[in-house]
Amino acid sequence: MLESYVLDSTATRHDMDSLARKYLDHQTILFEEVAGKGAKQLSFNQVAIEEAAPYAAEDADITLRLHETLWPKLQAEAGLRAVYQDIEIPLIPILAAMEQRGVLVDRKLLAIQSRELAKRLHEIEAQAHDIAGQPFNLGSPKQIQEILFDKLELPVLSKTPKGAPSTAENVLQELADQGHELPRVLLEHRSLSKLKSTYTDKLPEQIDTDTGRVHTSYHQAVAATGRLSSSDPNLQNIPIRTEEGRRIRQAFIAPEGCRLLAADYSQIELRIMAHLSRDEGLLAAFAADADIHRATAAEVFGIPPGQVSGDQRRSAKAINFGLIYGMSAFGLARQLGTDRGSAQRYVDLYFERYPGVKRYMDETREQAREQGYVETVFGRRLYLPEIRDRNGQRRAAAERTAINAPMQGTAADIIKRAMLRVETWNKGSGLGVTLIMQVHDELVFEVVEKDLELAKSGICEAMEGAAELSVPLRVESGAGHNWDEAH
DNA sequence: AACGGCTCGC
DNA sequence: CTGCGAGCCGTTC
């Protein structure tokens with residue numbers, strides 16, 4: 001298996017080593033997933049291999065064991081085999097090429113931002129010490145906790161899993177809203193120091209001295225839902241939410257003569273929910289290409305879409321995201337900042353308007369209990385041994401995962417298929433297009449300037465055709481000299 | 001080195 | 001007591 005795919009690949013001699021290493025890494029990870037860690041029921045994304053446990057202790061040849069354990073299991077299940085052979089294996093050389101190509105980062109711009117952040121952090125620190133009446137380490141949750149809850153005697157709104165008073169963002173935000181000054185200052189310090197340490201300071205250190213680029217690693221067998229993960233550096237959590245954060249994205253740049261092209265799926269998980277649930281209202285909304293959060297708000301609040309207020313749309317958005325995550329009324333209440341009763345009424349009203357969604361959620365939980373796993377549209381499986389746990393909390397967590405995994409996992413399948421389609425199209429296009437990043441529902445390319453328009457239409461077409469669901473897939477794209485401009 | 005707490009993304 | 005990740009710092013061992 002290993003040998004044949006290495007020989008079949010289109011790799012050049014130059015990148016043969018890194019590609020071969022990626023196949024080996026991949027295989028090693030599979031083996032660890034299959035035979036490692038002493039789990040009772042062992043699973044790689046798709047495959048449960050109970051029989052593999054005895055091999056875990058052996059210092060055995062990995063390839064041989066895979067042939068004996070994983071491969072027969074895959075062959076026996078058509079859906080699993082297809083996911084593995086038609087998606088995961090052909091994706092390997094694409095990921096290897098993205099890693100090797102890397103992303104150009106503007107080191108000087110990050111250095112400027114780092115100095116600005118240092119200055120502001122210093123000012124904030126002095127301000128915080130002044131308010132507290134004593135010096136303390138703003139980076140230490142423990143010391144913050146002592147200052148806020150012992151010295152200043154602010155109310156403890158929430159505790160960490162270990163029982164300590166929490167100083168997390170939402171807690172500080174609530175205290176700040178109550179008019180306390182120190183929490184507001186701490187919040188600003190937290191977000192800015194995160195930007196400085198992770199992005200403006202550490203990221204430049206990871207620029208390769210030979211290529212002048214950062215070369216991430218993508219992992220195929222880490223996320224249980226089938227998503228990719230990215231590390232060293234992680235390019236899937238580059239800031240975007242705040243103005244400060246978006247400046248970091250300005251340091252991800254296109255080389256001379258190129259632009260960055262970013263193409264992302266619009267509301268892909270909600271579209272998948274519409275497809276899986278076959279809910280008429282949801283299907284109709286997407287068929288009409290409606291603003292889905294506005295449409296949801298109109299249904300739930302019983303008003304025409306044109307009369308939906310900003311707050312109502314925000315509430316509907318929270319409900320929609322909550323549904324994808326399998327959220328409870330309690331969690332929704334916390335998100336919306338209302339009481340549990342009101343949140344429950346929203347949920348009840350939602351399920352009244354979208355009965356297909358309610359039915360789908362119930363059926364998914366039931367299916368998970370009966371078969372012990374859930375699956376994506378393309379047959380990727382996630383095993384949920386805790387779905388029958390006697391501990392209610394663990395069982396509830398497994399049920400939320402059961403709800404979420406088919407949607408998150410199908411989205412992962414679709415963008416992986418899109419990457420294969422884009423690369424197939426690209427080989428014959430004769431255009432200067434290079435895939436350089438994947439961020440869950442987004443692909444980023446370096447494109448030679450004169451090819452931009454053709455690239456844009458080719459890429460969007462390949463992405464939108466990556467799956468035939470009962471709702472259309474929509475892709476939005478933009479281009480610019482840096483990643484911020486491309487959005 | 002491992003873990004807890006926190007914050008960044010989708 | 002809303003899903004999936006990675007990485008930083010401080011603290012503890």
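Letters go in sequence order (proteins before strands), and every chain restarts at 1.
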Exercise for the section: Calculate the interatomic distance between A:Glu269 atom CD and B:dG9 atom P; express it in whole Å. Expected result: 17 Å
Exercise for the section: Pull out every residue in residues 190-203 of chain A that has a heavy atom closer than 4.0 Å to any atom of DNA chain B, ordered by number, or say none. Expected result: A:Arg190, A:Ser191, A:Lys194, A:Tyr199
Handout entry: Distance, rounded to the nearest Å, where A:Asn237 contributes CG and B:dC8 contributes P
Key = 10 Å
Handout entry: Value in whole Å for how far the C1' atom of B:dG9 lies from CD1 of A:Ile240
Key = 9 Å
Exercise for the section: Give me the ring orientation class for A:Tyr346 and A:Phe301: parallel if the planes are under 30° apart, tilted from 30 to 60°, perpendicular past 60°. Expected result: perpendicular
Handout entry: Phosphate contact (C:dT2 OP1 or OP2) by A:Arg334 side-chain N/O below 4.0 Å
Key = yes
Handout entry: Spacing between A:Ile324 atom CD1 and C:dG3 atom P, to the nearest angstrom
Key = 13 Å
Exercise for the section: Please state the P separation for the pair B:dC3 and C:dT2 - nearest whole angstrom. Expected result: 25 Å
Exercise for the section: Between A:Gly139 and A:Ala397, name the one whose nearest nucleotide on DNA chain C is closer to the 5' end. Expected result: A:Ala397
Handout entry: Whole-Å gap separating C1' (C:dG5) and CG (A:Leu382)
Key = 14 Å
Practice task
Determine the contact category for A:Glu442: base if any of its heavy atoms lies under 4.0 Å from a base atom, sugar-phosphate if only primed atoms, P, OP1 or OP2 are that close, otherwise nothing.
Solution key: nothing
Handout entry: Side-chain donor/acceptor contact of A:Arg241 with base of B:dC8 under 3.5 Å
Key = no
